[in-house]
Amino acid sequence: MTITITAFENSPDGGKGLARDMRVRWALEEVGAPYDVRLVSFKAMREPAHLALQPFGQIPTYQEGDLALFESGAIVLHIAERHTGLLPVDADARARAITWMFAALSTIEPPIVERFVAGYVERDRSWHDERLPLVDERIRKRLGELSRRLGEADWLDGAFSAGDLMMVSVLQRIRSSGILDEYPNLSAYVARGEARPAHQRAFADQLAVFKAASSR
């Protein structure tokens, strides 16, 4: 059965690979699973056909036969469980890798997303300049904890796993702020993830979509 995922027709991230379809593309490339991409406009994301797949009107979605999924973390976990390469065989190591997936999405990502909201939605509010340092403080607290845990290791728990894929994807979103540079081991960790051939293929594919949309 053909796997089909959805992605932005014209991504607001400027082709930087920060949209959440990139996580799913990367996972599929890591496991060598072929897939199709269906591009959706912002208008189409609010229409009944897409809302039937993603009730919150977001991307990505994942379809394979009668199975339809949404939420990038759930999709990546499904891919990792269906294919070899993203989860360890050992049961305990597998559980730890899944734990790191949840840590990326539930602990590290929320304050990073909050910073994006502060920058794009709340910039004109009178309290923006006072609030932003508080958000950055929360980000630094989490990155400091993650940095200490990673130490000098290449990956979070032995070999590269879906936990690393999700964590690298989350950390990429804060790089433009300069905060990530304060943690050299985390910057190197992200660079290792980005250097993986599967990531490079996924990034090239999503960038090609953005360039094609921009040229029209």
Does either side chain, that of Ser72 or that of Arg23, offer a donor lying less than 3.5 Å from an acceptor on the other one?
yes
Look at Arg20 together with Glu109 and state whether they make a salt bridge at an N to O cut-off of under 4.0 Å.
yes
Verdict with supporting geometry, Phe160 and Leu165, side chain to side chain contact (heavy atoms under 4.5 Å, CB included):
CA-CA 8 Å; Phe160 176 85; Leu165 186 153; 3.9 Å; yes
Would you verify whether the NZ or CZ of Arg25 falls within 45 degrees of the ring axis of Tyr35 while also being under 6.0 Å from that six-membered ring's centre?
no
Is there a salt bridge (charged side-chain N to carboxylate O under 4.0 Å, His left out) between Glu47 and Lys43? Walk through the geometry before answering.
CA-CA 7 Å; Glu47 294 176 348; Lys43 179 177 181 294; 2.6 Å; yes
To the nearest 0.5 angstrom, please state how far the NE2 atom of His50 sits from the OG1 atom of Thr61.
5.5 Å
Pair Phe42 + Phe8: ring centers closer than 6.0 Å
yes
CZ-CE distance between Phe56 and Met45, expressed to the nearest 0.5 angstrom:
13.0 Å
Should Ile108 and Leu171 be marked as a side chain to side chain contact (heavy atoms under 4.5 Å, CB included) after you check the CA-CA gap, both sets of side-chain angles, and the distance that decides it?
CA-CA 8 Å; Ile108 303 297; Leu171 293 176; 4.1 Å; yes
Looking at CD of Glu182 and CD1 of Ile139, how far apart are the two atoms once the value is rounded to the nearest 0.5 Å?
10.5 Å
Quick check: does any side chain N or O of Gln54 sit under 3.5 Å from a backbone N or O of Gly57, one acting as donor and the other as acceptor?
yes
Over all atoms of both residues, closest heavy-atom pair of Val135 and Pro111
CG1-O, 3.6 Å
Which heavy-atom pair separates Ala33 from Ile3 by the least distance, and what is that distance?
CB-CD1, 4.3 Å
Any side-chain heavy-atom pair of Phe203 and Met22 under 4.5 Å:
yes
Cationic N near anionic O, under 4.0 Å, Glu29 to Arg196
no
In plain terms, say whether Glu137 and Lys141 are close enough for a salt bridge, that is, a side-chain N and a carboxylate O under 4.0 Å apart.
no
Start with the C-alpha gap between Arg192 and Trp155, add the side-chain angles, then the distance that decides, and say whether side chain to side chain contact (heavy atoms under 4.5 Å, CB included) holds.
CA-CA 9 Å; Arg192 279 192 294 276; Trp155 308 113; 3.6 Å; yes
Derivation and outcome, side chain to side chain contact (heavy atoms under 4.5 Å, CB included), residues Leu86 and Leu77
CA-CA 9 Å; Leu86 283 175; Leu77 179 57; over 6 Å; no
Hey, quick one: are Ile179 and Leu150 part of the same hydrophobic cluster, counting side-chain heavy atoms closer than 4.5 Å, chains of contacts allowed?
yes
Keeping Ser106 on the side-chain end and Ala103 on the backbone end, is there a donor-acceptor pair under 3.5 Å?
no
When rounded to the nearest 0.5 Å, the distance separating CD1 of Ile75 from CD of Glu64 is 11.5 Å
Has the side chain of Arg173 got a donor or acceptor atom that lies under 3.5 Å from a matching backbone atom of Leu18?
yes
Does either side chain, that of Asp154 or that of Tyr189, offer a donor lying less than 3.5 Å from an acceptor on the other one?
no
Report yes or no: do Asp36 and Thr2 form a side-chain donor-acceptor pair below 3.5 Å?
no
Mind checking whether Leu67 and Met1 have side chains closer than 4.5 Å, heavy atoms only?
no
Which residue in the set Ile79, Asp205, Val76, Val168 passes side-chain contact (heavy atoms from CB on, under 4.5 Å) when paired with Trp26?
Val168
State, with a plain yes or no, whether a side-chain heavy atom of Leu146 is found less than 4.5 Å away from one of Leu186.
yes
Keeping Asn185 on the side-chain end and Gly151 on the backbone end, is there a donor-acceptor pair under 3.5 Å?
yes
Report yes if some heavy atom in the side chain of Pro197 is under 4.5 Å from a heavy atom in the side chain of Arg201; otherwise report no.
yes
For a quick test of reading the model, state the closest non-hydrogen atom pair linking Gly73 to Leu105 and the distance between them.
CA-CD1, 3.6 Å
Looking at side-chain heavy atoms only, is the closest gap between Phe70 and Gln58 below 4.5 Å?
no
Non-hydrogen atoms of Val31 and Thr84 that approach each other most closely:
CG1-O, 3.6 Å
Do you know which two heavy atoms are closest between Asn10 and Ala213, and how far apart they sit?
CG-CB, 4.1 Å
If we ignore hydrogens and angles and just use 3.5 Å, is the side chain of Ser11 paired with the main-chain N or O of Gly14 as donor and acceptor?
no
Pairs meeting criterion ring pair (Phe, Tyr, Trp, His ring centres under 6.0 Å) with involvement of residues 75-94, two or more places apart:
Tyr62-His78
To the nearest 0.5 Å, tell me how far Ile59 CD1 sits from Ile5 CD1.
8.5 Å
Residue pairs passing the salt bridge (charged side-chain N to carboxylate O under 4.0 Å, His left out) test with at least one member in residues 88-104, sequence neighbours excluded, are Arg96-Asp157
For residues Val40 and Leu51: do they belong to one hydrophobic cluster (side chain heavy atoms under 4.5 Å, members Ile, Leu, Val, Met, Phe, Trp, Tyr)?
no
Compare every heavy atom of Ala162 with every heavy atom of Leu87, then report the nearest pair and how far apart it is.
CD2-CB, 4.3 Å
Let me confirm one number: the OG1-CG distance from Thr99 to Leu156, rounded to the nearest 0.5 Å.
11.5 Å
For residues Glu194 and Gln172, is any side-chain donor paired with an opposing acceptor at under 3.5 Å?
yes
I'd like to know if the side chain of Gln206 reaches the main chain of Gly15, judged simply by a donor and an acceptor atom lying under 3.5 Å from each other, with no hydrogens or angles considered.
yes
Assigning hydrophobic clusters by single linkage (Ile, Leu, Val, Met, Phe, Trp, Tyr; side-chain heavy-atom cutoff under 4.5 Å), is Phe210 placed with Val24?
no
